[in-house]
Amino acid sequence: MSDRDPQPVERQLPTEEARDLLALVRDIAQREIAPKAAEEEDEGRFPREIFTLLSESGLLGLPYDSEHGGGDQPYEVYLQVLEELAAARLTVGLGVSVHTLACYALATYGTGKQQAEHLPAMLGGGLLGAYALSEPSSGSDAASLRTKAVREVDGWVIDGTKAWITHGGIADFYTVMARTGEDGPRGITAFLVPGDAPGLSGAAPEKKMGMKGSPTAQVHLDGVRVPDDRRIGEEGQGFTIALSALDSGRLGIAACAIGLAQAALDEAVRYATQRRQFGRAIADFQGLRFMLADMATQIEAGRALYLAAARLRDAGRPFAKQAAMAKLHCTDAAMKVTTDAVQILGGYGYTADFPAERYMREAKVLQIVEGTNQIQRMVIARHLAGPEGR
């Protein structure tokens, strides 16, 4: 190995417990996740056994209350765990982020009885969650969703189709947003729906450019009966719950993006310090050195941005604008860094023999999920200049 090979990220962590936690995550990532990532992504295989291991290790409920099986960790720590997991394999990092998002509604808006009944299994019982907001005709315009929940004597009956659902068809539970009232955002309610509920089914997974190991599928709800004690929050509160969840979820996407970008930079540094042309390592050529410097700077800036937003959240202060900024910057940076990594590897970067091309394909989806980057710019601008058309 060259003495200029990439080193582990130097992290500022608030406690010794957090440092031990990150060491555990790195060990799992290096031993259990990274060695099989390329092969399993190529095969389109979802690593459910890894999520079982993460659950057994206490890593699927980190930002939630230990009273219900969570890890009592601040977002500042949880997001750095996500970054390490995503650097090893984005399917795993993003999967943990989505699971955390799926738990958010119940953990934040559920009653004490609901939380005591369901959260222990969701946070540490080996279950895997999915978040069901988007539909075939309502993506960025989420408030126009059409899935309906009709009240009956013993609860609710839900009918509709959800789209672009990570873990669709394999999740053990779904946080589902459905229309229970008037058109628009005020008529939406949140429900916790079991994955094995009669009438719930997953379509064939989408054939995607990247993240082939992570199933993304439509989910059909055909007369799915849900008791009222699985309604989360008040009737009509679902859209507020959904947007609140996404503020936190966007920080998860930002952290995953930086993890992916860091993996691409590490691969580029490794290759550039070992590949020799014209009698010396290509890392000695100024043009390439400047590319590596720019890549590293974008990553450090993104990491600082998502951590600053996380610390606001941990302090109980508003962070929606900063979450949108972090999601925007970090995912754009991931796209740029992974593209540059392919360029540095040259022809080898374009082959599946090296991970750079996979990183580049995977980075693209991060600019789209949980609010496209155009939507993030709209969110940021509203905080700066107020709503459009005032």
Side-chain angles (χ1 to χ4, degrees), residues 46 48-49 51-52 54-56 60-61 64-65 67-70 95-135 145-180 188-205 214-235 237-239 241-242 245 249:
F46 180 71
R48 184 60 193 255
E49 71 283 355
F51 286 85
T52 300
L54 294 177
S55 181
E56 292 171 348
L60 286 191
Y64 295 121
D65 197 330
E67 178 185 357
H68 300 301
V96 173
S97 181
V98 168
H99 174 82
T100 303
L101 178 67
C103 295
Y104 177 92
L106 187 66
T108 307
Y109 291 87
T111 66
K113 181 180 178 182
Q114 287 175 321
Q115 291 172 353
E117 182 177 356
H118 300 296
L119 273 181
M122 293 164 62
L123 299 181
L127 301 186
L128 185 67
Y131 181 78
L133 174 63
S134 296
E135 298 183 0
L145 64 83
R146 297 178 182 177
T147 295
K148 288 187 177 181
V150 177
R151 183 183 280 277
E152 293 195 346
V153 175
D154 57 348
W156 301 83
V157 178
I158 306 178
D159 289 280
T161 297
K162 294 297 182 177
W164 308 112
I165 307 304
T166 300
H167 305 153
I170 67 168
D172 298 300
F173 65 91
Y174 296 82
T175 296
V176 176
M177 304 300 165
R179 187 163 303 286
T180 56
I188 297 170
T189 302
F191 297 89
L192 182 66
V193 180
D196 60 357
L200 186 150
S201 61
S214 175
T216 304
Q218 290 191 356
V219 174
H220 304 298
L221 300 105
D222 184 10
V224 174
R225 295 183 177 276
V226 178
D228 192 56
D229 62 11
R230 280 183 171 265
R231 171 178 50 84
I232 304 173
E234 301 298 327
E235 286 185 50
Q237 195 181 13
F239 196 66
I241 294 173

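In this structure, the side chain to side chain donor-acceptor pair (under 3.5 Å) partners of Thr189, at least two apart in sequence or on a different chain, are Thr180. By the side-chain contact (heavy atoms from CB on, under 4.5 Å) test, Ala116 pairs with His68, sequence neighbours left out. Residues meeting the salt bridge (charged side-chain N to carboxylate O under 4.0 Å, His left out) test with Glu234, sequence neighbours left out: none. Every residue meeting the side-chain contact (heavy atoms from CB on, under 4.5 Å) condition with Ala130, not counting sequence neighbours, appears here in chain and number order: Ile165, His167, Ala171, Tyr174. Evaluation of the side-chain contact (heavy atoms from CB on, under 4.5 Å) rule for Glu135 yields Ser138, Leu145, Arg146, Thr147, Lys162 as partners, not counting sequence neighbours. Scored by the salt bridge (charged side-chain N to carboxylate O under 4.0 Å, His left out) test, Arg231 finds Asp228 as partners (sequence neighbours excluded). Listed by chain and residue number, Glu152 satisfy the salt bridge (charged side-chain N to carboxylate O under 4.0 Å, His left out) test with Arg225 (two or more places apart in sequence, or in another chain). With sequence neighbours excluded, no residue forms a salt bridge (charged side-chain N to carboxylate O under 4.0 Å, His left out) with Asp229. Looking at residues two or more places apart in sequence or on another chain, you find no side chain to side chain donor-acceptor pair (under 3.5 Å) involving Tyr131. Evaluation of the side-chain contact (heavy atoms from CB on, under 4.5 Å) rule for Asp159 yields Val157, Asp222 as partners, not counting sequence neighbours. For Thr100, the side chain to side chain donor-acceptor pair (under 3.5 Å) partners at least two apart in sequence or on another chain are Tyr78. In this structure Ser134 satisfies the side chain to side chain donor-acceptor pair (under 3.5 Å) test with no other residue, sequence neighbours excluded.
Across every non-hydrogen atom of Val226 and Leu192, the tightest pair is CG1-O, 4.1 Å. The two residues Phe46 and Ser214 make their nearest non-hydrogen contact at CD1-CA, 4.3 Å.
Side-chain atoms of Ser201 and His220 form no donor-acceptor pair, as typed in the model, at a separation below 3.5 Å.
Within the 4.5 Å cutoff, side-chain heavy atoms of Val96 are placed close to those of Leu60.
Separating the CG atom in Leu221 from the CD1 atom in Ile158 is a distance of 6.0 Å, to the nearest 0.5 Å. Taking OH from Tyr64 and CG from Leu106, the interatomic distance works out to 9.5 Å, rounded to the nearest 0.5 Å.
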